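This report concerns only the one structure given below.
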Amino acid sequence: MTGKRIVVLGGAGFLGSHLCERLLEDGAAEVISIDNFSTGSERNLAELPRFGRFQSLRHDITAPLHIRGPVDYVFNMASPASPLDSMQLPIETLRVGSLGTENGLLLARDKDAVFLQASTSEIYGNPLVHPQREEYWGNVNPTGPRSCYEEARRYGEALVSAYRRTHGVQTRIARIFNTYGPRMRLEDGHVVPTFVGQALRGEDFTVFGDGSQTRSFCYVSDVIEGLVRLALSDCTEPVNLGNPREMTILQLAEAVRQVHGGSSRVLFQPLPRDEPRQRRPDITRARMVLDWEPYVSLEEGLLSTFAWFRKVTSRRTPRHEDGLASAPL
Ligand code: NAD
């Protein structure tokens, strides 16, 4: 990425801000974040001006995008990402996934830039095939409570593919599985920050159903490495990026308790509608095409996640900013 001029849509979010930082560290000529701060935060970008090659623009990408000068890469990281965020912002999620993605593609087409779409394992829905390979088409309820996110991301993949076929845009599609790490919000509804917040407050862990549903959790630096490798590759097929180590939600709760200590127990609650039973990426394609696989262990990743949440929550008094005041789920 040395010497490249790069636009990151949704650059103020969890993944987007880590990506901006990584691109600047890699010697990008300029990184421009475009974000409306709906689920992201200026705080996530606070360290980036030190590079002197970073710009943050406040803009809703459902409106047309105009950037002066050349652009080499457009990364589309703009979308509410957690089930809770997207259920609270259903229309916004559908609009950014459709209009926002198209505006990003038009920018890439006009600048002859590579366009990378941050898609998601949610496009597989409640999968009937396990583990999930990229060839699997998914099992999605098009009108259920999760559909605003799942269908927006599926439409996004279709649109990206259409712009590649019709306009010759150089496109890449990353299907990202559950990712965690510093700069998540405790209250965003993802299970890792939910458990971390509950452990820090000395509360019991909220587990939906009997906790036997499975997920796999990838540390943020591993996913960012995969995104950079994918952008630099010539792979136009979707590529799964995630950690193939699968565990039940009860096992995750136990891992969080072991890392933090404390005596939190498990509090069972009814399973939400359309909750996927199992999730594990098959990362054969990422290994073959990108020579990529995750290497940060869950224990290491949880330690640095706890360290970050302890730091931000101790230096700020208004507890609601970090979601410490209320139980997220
Ligand atoms: P996030 O909510 O932290 O970041 C999304 C960013 O997009 C935010 O900064 C938000 O303000 C911005 N945004 C939303 N709508 C916008 C609009 N209309 N105009 C401009 N900016 C807008 O989420 P994240 O976890 O960083 O996820 C980023 C991407 O990665 C999403 O596309 C998501 O689907 C994908 N993804 C994330 C995960 C995960 O575990 N975090 C897993 C799979 C896929």
Side-chain angles (χ1 to χ4, degrees), residues 7-21 32-45 56-65 74-104 107 115-124 132 146 148-157 160 173-194 215-220 222-224 226-227 230 238-243 276 279 281 294 301 305:
V7 170
V8 179
L9 309 175
F14 162 52
L15 290 179
S17 63
H18 282 283
L19 178 65
C20 289
E21 191 167 4
I32 303 167
S33 161
I34 302 182
D35 202 297
N36 68 352
F37 301 108
S38 55
T39 56
S41 162
E42 277 170 337
R43 281 203 313 263
N44 290 339
L45 305 173
S56 166
L57 306 178
R58 180 186 287 269
H59 178 75
D60 183 331
I61 66 160
T62 61
L65 288 167
V74 177
F75 286 86
N76 184 17
M77 314 302 292
S79 171
S82 74
L84 197 65
D85 281 343
S86 56
M87 282 186 223
Q88 283 170 352
L89 299 166
I91 312 286
E92 291 85 346
T93 301
L94 285 157
R95 284 173 60 87
V96 73
S98 52
L99 297 171
T101 300
E102 185 151 19
N103 285 325
L107 179 69
F115 181 93
L116 185 143
Q117 172 80 347
S119 189
T120 170
S121 57
E122 297 286 330
I123 67 108
Y124 298 121
Q132 291 79 55
R146 302 171 73 100
C148 50
Y149 184 57
E150 292 168 346
E151 295 294 12
R153 311 314 292 161
R154 290 172 69 90
Y155 175 87
E157 290 199 12
V160 165
I173 298 175
R175 288 192 185 146
I176 304 169
F177 284 63
N178 278 9
T179 306
Y180 71 98
R183 299 192 195 140
M184 293 187 97
R185 288 171 295 126
L186 285 180
E187 77 285 11
D188 76 3
H190 277 118
V191 63
V192 171
T194 298
R215 298 291 183 273
S216 47
F217 301 97
C218 196
Y219 190 65
V220 60
D222 282 329
V223 166
I224 299 297
L227 291 174
L230 178 59
V239 178
N240 287 340
L241 295 177
N243 195 321
R279 274 287 163 68
T305 305

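Quantities reported herein were computed from a predicted structural model and do not represent experimental measurements. Ligands are counted one by one from 1 in listed order, and the atoms in each one are counted from 1 as well.
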ask   = What residue and heavy atom of the protein are closest to atom 33 (C) of ligand 1, and at what distance?
value = Y149 OH, 3.3 Å
ask   = atom 37 (C) of ligand 1: which protein heavy atom is closest, and how many Å away?
value = L15 CD1, 3.6 Å
key: ligand 1 N/O within reach of G13 N/O, cut-off under 3.5 Å   = yes
inquiry  = If we set the cut-off at 4.0 Å for heavy atoms, which region of S119 has an atom near ligand 1: side chain, backbone, both, or neither?
reply    = backbone
ask   = Are any of the N/O atoms in G40 less than 3.5 Å from those in ligand 1?
value = yes
inquiry  = At less than 4.0 angstrom from any non-hydrogen atom of A12, what atoms of ligand 1 do you find?
reply    = 9 (O)
message = Out of S79, P80, G104, S82, who is nearest to atom 31 (C) of ligand 1 when you count heavy atoms only?
response = S79
message = Pairs of nitrogen or oxygen atoms closer than 3.5 Å, one from D35 and one from ligand 1: do any exist?
response = yes
request  = Measure the CD-OG distance between E122 and S86 for me, rounded to the nearest 0.5 Å.
outcome  = 8.0 Å
task = Check for a donor-acceptor pair, side chain of H18 on one end and backbone N or O of P182 on the other, with a separation under 3.5 Å.
result = yes
inquiry  = Applying side chain to side chain contact (heavy atoms under 4.5 Å, CB included), can you list everything that pairs with S121, at least two apart in sequence or on another chain?
reply    = Y124, F177, R279
query = N36 to ligand 1: N or O pair under 3.5 Å?
reply = yes
inquiry  = Evaluate M184 for polar contact with ligand 1, using N/O atom pairs at a separation under 3.5 Å.
reply    = no
ask   = Where's the contact between F37 and ligand 1, heavy-atom distance under 4.0 Å: side chain, backbone, both or neither?
value = backbone
query = If only atom types and distance count, is the side chain of N103 paired as donor or acceptor with the main-chain N or O of I61 below 3.5 Å?
reply = yes
remark   = To the nearest 0.5 Å, atom CD1 of I224 lies from atom CG of L19 at 5.0 Å
Contact atoms of ligand 1, heavy-atom distance to T120 under 4.0 Å = 43 (C), 44 (C)
request  = Examine the side chains of S17 and R183 and answer whether a donor and an acceptor come within less than 3.5 Å of each other.
outcome  = yes
key: Distance, nearest 0.5 Å, that separates CG of D188 from OG1 of T39   = 9.0 Å
query = Are the side chain of N243 and the backbone N or O of P294 linked by a donor-acceptor pair below 3.5 Å?
reply = no
task = Return yes or no for this condition: an N or O of R153 is under 3.5 Å from an N or O of ligand 1.
result = yes
request  = Would you tell me which option among D60, D85, V8 has the nearest heavy-atom contact to atom 18 (N) of ligand 1?
outcome  = D60
key: Residue F177 vicinity, atoms of ligand 1 by number, heavy atom under 4.0 Å   = 42 (C)
query = Any Lys/Arg nitrogen of D85 or R185 sitting under 4.0 Å from an Asp/Glu carboxylate oxygen of the other?
reply = yes
Atom 28 (C) of ligand 1: the protein heavy-atom neighbour that sits closest, reported with distance to 0.1 Å = M77 O, 3.2 Å
Minimum heavy-atom distance S79-T93, with the two atoms named = OG-CG2, 4.3 Å
key: ligand 1 contact on Y180 by region, counting heavy-atom pairs under 4.0 Å   = neither
ask   = side chain to side chain contact (heavy atoms under 4.5 Å, CB included) with L94: which residues, sequence neighbours excluded?
value = C148, A152
query = Heavy-atom contact under 4.0 Å between H59 and ligand 1?
reply = yes
query = Nearest protein heavy atom to atom 19 (N) of ligand 1, by residue and atom, and its distance?
reply = I61 N, 2.9 Å
Per-atom contacts, ligand 1 versus V96 - under 4.0 Å to a heavy atom = 15 (N), 16 (C), 17 (C), 18 (N)
inquiry  = Starting from atom 3 (O) of ligand 1, what is the nearest protein heavy atom, named by residue and atom, and what distance separates them?
reply    = F14 N, 2.8 Å
query = Out of S38, G242, G181, whose heavy atom sits nearest atom 14 (C) of ligand 1?
reply = S38
inquiry  = To the nearest 0.5 Å, what is the distance between CG on L9 and CZ on F75?
reply    = 10.5 Å
ask   = Which protein heavy atom lies closest to atom 2 (O) of ligand 1, and at what distance to 0.1 Å?
value = T39 OG1, 2.6 Å
inquiry  = Distance check, rounded to the nearest 0.5 Å: L230 atom CG versus I176 atom CD1?
reply    = 9.5 Å
ask   = Which residue and non-hydrogen atom of the protein lie closest to atom 40 (O) of ligand 1, and at what distance in Å?
value = T179 N, 2.9 Å
ask   = Does any N/O atom on A78 come nearer than 3.5 Å to any N/O atom on ligand 1?
value = no
request  = Report the nearest protein non-hydrogen atom to atom 27 (O) of ligand 1: residue, atom name, distance rounded to 0.1 Å.
outcome  = A81 CB, 3.4 Å
note = Looking at L19, I176, I123, the heavy atom closest to atom 43 (C) of ligand 1 belongs to I176
inquiry  = Within the 4.0 Å heavy-atom shell around G10, which atoms of ligand 1 are there?
reply    = 6 (C), 7 (O), 12 (C)
ask   = Ignoring hydrogens and geometry, is there a side-chain-to-backbone donor-acceptor pair from H59 to P64 under 3.5 Å?
value = yes
ask   = Is the backbone of A12 close enough, under 3.5 Å, to the side chain of N44 for a donor and an acceptor to pair up by distance?
value = yes
ask   = Only one of E157, R154, R153, R175 forms a side chain to side chain donor-acceptor pair (under 3.5 Å) with S119, so which one is it?
value = E157
